[in-house]
Amino acid sequence: MMNRGDILRLRIDTLNSEGEGIAREEGGSFVVFVPGALPGETVDGRILLRKARYARAQILQVLSPSPDRSTPSCPLASRCGGCQLQHASYPFQLRAKEEALRDALRRLGGLDDSAVEPCVPSPRVLGYRNKVVLPVRWTPEGGSALGFYQRRSHQVVPLVSGCPVLEERLHSLLSLALPFLKDPILQPYREGTRPSGFLREVVARCGSRTGESALCLVVRRTPERREETFLKALHHHLSETLPGFRGTALHIAPQPGNFIWSGTTRPFLGATDLHESLGPYRIRFEVSSFFQVNSLQAELLYEDVLESLGEEAQGHLLELYSGVGSLSLFLASRARSVQAVEEWLPATESLQANAAAHGLEQRLSVLSGKAEDVLEKLARDSFDGVVLDPPRGGCHPKVLERILDLDPKKVVYVSCNPATLARDLRILVDGGFRIRSLRPFDLFPQTAHVETRALLTH
Ligand SMILES: C[S@@+](CC[C@H](N)C(=O)[O-])C[C@H]1O[C@@H](n2cnc3c(N)ncnc32)[C@H](O)[C@@H]1O
C-alpha cells in the first residue's frame, strides 16, 4: 500500500488523455499518473497525492528513457500547464493523439475505431499560436505574477523568456507590453471569497498572415483616473512601436470564476477587432470571439470539412456553433445556402460583416442564440448536410435529437474533445447514422489536445 511521500519505481504503460504517463500497480487495479513520463519508460517517482483508486507522482529520475523522449524547447515545460507533451518527439505526439481518439471512441462511446485515420501534422510545431491568455495574480510576497497556470493549480508560472509555441508577432507585442503590465499601478487580481485587485488576465491576439495584433485586458472594474492614464501610455507605446497593432480593449469582469469572458468588452483605444487570412478569405474577428489558434492548420481543417461533404457541399447546409464564420465562408463558397447558428453576439456581428465583405450575404445567414434553443424554433427544413463545431463540452442532447429529426444526408462533426465527441457520436449512431471517417488534426502541437473531423452518413 503506497502513501503520499513514498518513492516508487514505476513502469509506464501508456498515456492518459491529458498526456500524463500511466503506471499500473497492485495487479493493475490501481493507477499512478506520472506527468512528463512516456510509455515504455521506467522512472523513479514520488507520490504527491493518494486517492482510493489512483495516485499522482512526480518524476525524480527517468531510468530508461523512451526513444521518443526529446528535449523541451521551453525551460518551463515541466511546470507550465500550457504544454503537456514537449518532452516527446513530434511523430510520437501525433501517434499519441490518434490513440487518444481511438481510446475515447472505444472506452467512452462503445464505438468501433476502425474509421480513425492518422493525425494530420501541423504545418508549424512551434511558433503557431495566434492567441495567448496570461493570468495576472497577486503573490504572497506582495508582487504580481504574470504567466501561465501551473499544471492542475491556480499558481502562476511567471513568463520569463518567450513562450516557444507563440507566434513571433505575439512575442513582439508581449515584450513591449510586459514592463507596463507588471507595474504596481495595475494591481494584480487576488482570487478568493472577496476578490480584489484590478488586472485579471492579459489576452493578446494576432493574425499570422495579416500581421495585425490587438490587446484585451480583462479587469475587475472600470479603471480609475491614474490607471486609465497609465493604460493610455501603454496603448500609445504599442501603436507607435508595433506595425499592425490595432487597439486595446477592456473586458470588465467583476464576477469571480474562471470564465474570463463573463463581463462586457469595450474599446479602450483603437479597434477591438483584427483580421486573419485563411484560404482566399480575409476574416474579421473581435478580440473576445473564438478564432482557431493555429491559423495554418485551421485552413487545412476547413478544406477537409468541405471535401468530406462531397456533393452535399453544393446543397443547403446547417452550420451550428459557427463563431465569426471562418468555416462558414469556406462552406458558402460552394453551397446554395448556409444557415449558421451562433450564441456569442460579437461573433454573429463579425459573421455578417465577413459574409458581406465577400459578397456571400445572400447565401450565408446567421441565427443568434444557443443552438439548442434556435433549433427548437427552426422550421423543419430540408438540409443536405449539417456541420457542427461545438465547444469542449460537446452538444446539448436537444441538438443531437434535432439533427436526427432533420435527417440530413451528411453530418460533419468537428470536435476539440474526443470524450464528448465519443458521447455524441454514440447518440448519432444509435439514431441511425454510420461513422464513415474520423480524421484527427493536430491544431495544438506540444499539448495533449486533439481536434477531430468526423463524417457520418446513413
Ligand atoms: C469551437 S468554436 C467553433 C467556431 C467556428 N466553427 C470556427 O472554426 O471558428 C465554438 C463556437 O460555439 C459557440 N457556442 C458555444 N456554445 C454555444 C451554444 N450553446 N449555441 C451556439 N453557439 C455556441 C462559441 O461562442 C464559439 O463561437
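Small disclaimer: the values here were computed from a predicted structure and weren't measured. Count residues from 1 along the sequence. Whatever order the structure lists them in is the order used to number ligands and atoms, beginning at 1.
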Can an N or O of [X] be found at a distance shorter than 3.5 Å from an N or O of ligand 1?
X	result
W344	no
A371	yes
E319	no
K370	no

With a 3.5 Å cut-off and no angle check, do the side chains of [X] and [Y] form a donor-acceptor pair?
X	Y	answer
S350	E286	no
T457	R436	yes
R95	Y90	no
D112	S114	yes

Proximal atoms of ligand 1 relative to P391 (non-hydrogen, under 4.0 Å):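 Close to P391: 15 (C), 16 (N).
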Distance filter under 4.0 Å to E372 heavy atoms, resulting ligand 1 atoms: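 Those qualifying, in numeric order: 19 (N).
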Below 4.0 Å, non-hydrogen atoms only: which portion of [X] touches ligand 1? Side chain, backbone, both or neither.
X	answer
S322	backbone
A298	neither
Y302	side chain

Aromatic centroids of H275 and F285 separated by under 6.0 Å: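 Ring centroids of F285 and H275 are no less than 6.0 Å from each other.
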Within-shell test, S328 vs ligand 1, heavy atom, strictly < 4.0 Å: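 No; S328 lies far enough from ligand 1 that no heavy-atom distance drops under 4.0 Å.
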Pairwise ring pair (Phe, Tyr, Trp, His ring centres under 6.0 Å) hits with a residue in residues 299-340, at least two apart: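 Ring pair (Phe, Tyr, Trp, His ring centres under 6.0 Å) check on residues 299-340 returns Y281-F330, Y302-F330.
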For atom 22 (N) of ligand 1, closest protein heavy-atom neighbour: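 Ranked first by proximity to atom 22 (N) of ligand 1 is E343 N, 3.3 Å.
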F198 six-ring face occupied by R220 cation (under 6.0 Å, within 45°):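 No, R220 and F198 do not form such a contact.
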